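Please read the structure below before turning to the comments.
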Amino acid sequence: MYEFHPYFTNDGSVGLYSSDFDDIYHSSTGALTEAYEKFILPINMDELLKKDSIKVLDICYGIGYNSKSFLNFIFEKIFLRKNKKFFSLPDKHIATIHTNKINHELDGIYNGEIYTDNAFDKISVTAIDNDKILAFLSPFIKTGEKFFKNDNFDFEKKNIGKYLDKNKKIKNQKIQKIINFLIFEKITQICPDFYTNEAVTRIISDKKYAKYFTSDIRGIYRGKISKGYITNLSGFLRGFLAFLHNIYYRHVTNRYKKELKHYKIEDIVFNLKIGDARQVIKEDNNLYNLIFLDAFTPSKCPCLWSYEFFKLLFEHLEQDGMILTYSTSAAIRSAMQEAGFHIGNIYNEREQKFTGTVAVKNSDLIIYPLSEFDLGLLKTSAGIFYRDENLTGQNEAIFAARKKEVENTDRISTSQYKKNFNKGELCKNTMS
Ligand SMILES: C[S@@+](CC[C@H](N)C(=O)[O-])C[C@H]1O[C@@H](n2cnc3c(N)ncnc32)[C@H](O)[C@@H]1O
């Protein structure tokens, strides 16, 4: 039976625990906060929005925080000047929405396990995960809870508490509900098996999980399951988006006004691809402006951190594109470097430290270069990368092969390197 272990992270967003990987999906500091800090804030939005189209690849979509945060950022910062409570419009306003303002067809096509939306792509987000159930659950996940308590059975049983520091609650984060509706709408359009997936139905109907789900989307889903017809959300949402666009275009931030001439909210395309990311990307011909890499830690899921995988990503990144990831490991950074990337740090202003890595083709895009120490680290045994020659290896085998290589290497150990480096620094300081 499919296992689902949700809990609230310290910013009020829902996090998950995986018993298969014995790992958490999200930072316990805050699933949503992490998505914003690692994947959205480091982006140079001004430059990005000058482009005619933006393509984002979200590797390891899970319940979608990175895609949702990106869409939410675009939506809030560009289409809304402030966080207006636009979704609580009275019914009489909704009734006046005209759907014929939409100028293109959003209906998607279904092709095997690849769900795609064939609208023209101004802003397109392609999300990949090999867990279909999670992806299907993604639009139901609550967008942020102000008052939350982790007191459910799964939480205790799985000892997720070890990941949480209860005293470390941080500012409540939220994603506009419209983003969940948008993703729900797209998934219902392009995934014919969405309403017939038994695990999804079981989880959505289970009262135990209700507090983690958005009640109105859960309501629409349950209505369809019990009554057998789909609420006409599609027409509603299309109209609603056009309506929002018309209203908020006038209020859009001046800073983005020029850029906005390219974009309309209904130009957003969301593709969902279910499968092993290596295979899906091999079969994909797109070049991306942004790639979010959010796999489980390298020791648990090395197949998505290998040198060969980064070579594959190199082939799929635009010349001025950027890969963003939370990992700062030397093995990952050296794999990126070997694959041809320039690498830099992601700086977290809240924590005032480096908390991730960017990989780019154009070194001018790096704002926080690696230090001399970090660059040296890549040459030590810690910098030996994972190998997955045909991009088909199993995680255990990939992990074991690297472990063996580290044990047999002539490279300097990390601890010795640190000692030498500190000694060198000491000499430099005493001489100056
Ligand atoms: C750390 S979680 C990602 C969390 C996600 N970004 C979110 O916002 O919920 C890692 C994800 O990788 C997926 N995954 C694991 N191995 C994969 C593979 N080989 N290809 C694609 N997805 C994979 C898991 O199903 C899981 O959802």
Side-chain angles (χ1 to χ4, degrees), residues 2-9 11 13-40 56-72 113-115 125-144 163 173 175 179-180 183 199 212 270-284 290-306 308-309 312-313 323-327 332 356 386 388 390-399:
Y2 186 82
E3 292 198 31
F4 183 61
H5 305 293
Y7 64 102
F8 288 109
T9 61
D11 66 358
S13 57
V14 178
L16 295 180
Y17 166 79
S18 161
S19 41
D20 283 352
F21 284 89
D22 184 25
D23 201 357
I24 45 174
Y25 284 70
H26 313 97
S27 154
S28 56
T29 306
L32 189 50
T33 304
E34 178 191 36
Y36 257 92
E37 291 180 342
K38 304 221 169 107
F39 297 98
I40 310 303
V56 179
L57 180 64
D58 182 3
I59 305 173
C60 294
Y61 171 77
I63 47 175
Y65 279 112
N66 305 331
S67 292
K68 289 180 192 175
S69 299
F70 178 77
L71 295 173
N72 195 60
E113 283 288 277
I114 304 226
Y115 303 116
V125 174
T126 298
I128 310 176
D129 204 287
N130 61 2
D131 186 336
K132 188 201 286 196
I133 296 166
L134 262 199
F136 280 9
L137 289 173
S138 68
F140 295 93
I141 301 289
K142 222 173 222 172
T143 54
Y163 296 110
Q173 296 284 333
I175 288 179
I179 302 301
N180 265 2
I183 290 177
Y212 302 108
F270 177 77
N271 299 314
L272 176 61
K273 303 189 178 190
I274 303 295
D276 186 316
R278 297 171 292 180
Q279 206 50 41
V280 173
I281 299 171
K282 260 200 252 176
E283 289 162 12
D284 180 295
L290 294 172
I291 299 181
F292 304 148
L293 177 54
D294 200 12
F296 286 122
T297 51
S299 59
K300 307 264 159 112
C301 190
C303 73
L304 300 185
W305 299 102
S306 72
E308 288 80 4
F309 189 61
L312 184 68
L313 296 189
I323 299 181
L324 299 107
T325 184
Y326 67 86
S327 176
I332 302 321
Y386 295 95
D388 180 17
N390 301 315
L391 288 166
T392 51
Q394 297 293 313
N395 281 326
E396 297 73 17
I398 297 171
F399 183 78

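FYI, the numbering just counts along the sequence from 1. Order of appearance sets the numbers: ligands from 1, and atoms from 1 within every ligand. Everything quoted here is computed from the prediction, not taken from an experiment.
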Quiz prompt | Ile63 heavy atom under 4.0 Å from ligand 1 | solution = yes

Quiz item: Is there a donor-acceptor pair closer than 3.5 Å between any side-chain N or O of His5 and the backbone N or O of Ser18?
Solution: no

Quiz item: Polar-atom distance check: Asn130 versus ligand 1, any N or O pair below 3.5 Å?
Solution: yes

Quiz item: Tyr65 to ligand 1: N or O pair under 3.5 Å?
Solution: yes

Self-check item: Those atoms of ligand 1 less than 4.0 Å from some heavy atom in Gly64
Solution: 7 (C), 8 (O), 9 (O)

Quiz item: Counting from 1, what ligand 1 atoms have a heavy atom of Asp131 closer than 4.0 Å?
Solution: 25 (O)

Quiz item: Which of the atoms of ligand 1 are close to Tyr25, meaning less than 4.0 Å from one of its heavy atoms?
Solution: 1 (C), 2 (S), 4 (C), 26 (C), 27 (O)

Self-check item: Residues in ring pair (Phe, Tyr, Trp, His ring centres under 6.0 Å) contact with Phe309, at least two apart in sequence or another chain
Solution: none

Quiz item: Between Cys301 and ligand 1, is there a nitrogen or oxygen pair with a distance under 3.5 Å?
Solution: no

Quiz item: Taking both backbone and side-chain atoms of His26, is any N or O found less than 3.5 Å from an N or O belonging to ligand 1?
Solution: yes

Quiz item: For ligand 1, is Gly275 a contact, meaning one of its heavy atoms is under 4.0 Å away?
Solution: yes

Quiz item: Sequence neighbours excluded, which residues qualify as ring pair (Phe, Tyr, Trp, His ring centres under 6.0 Å) partners of Tyr326?
Solution: Trp305

Quiz item: Quick one: which of Ile133, Asp294, Asn395 has a heavy atom closest to atom 6 (N) of ligand 1?
Solution: Asp294

Quiz item: What protein heavy atom is closest to atom 25 (O) of ligand 1, reported as residue, atom name and distance in Å?
Solution: Asp129 OD1, 2.6 Å

Exercise. May I ask you to list the atoms of ligand 1 that are less than 4.0 angstrom from any heavy atom of Leu134?
Key: 27 (O)

Quiz item: Numbering the atoms of ligand 1 from 1, which are under 4.0 Å from a heavy atom of Asn66?
Solution: 6 (N)

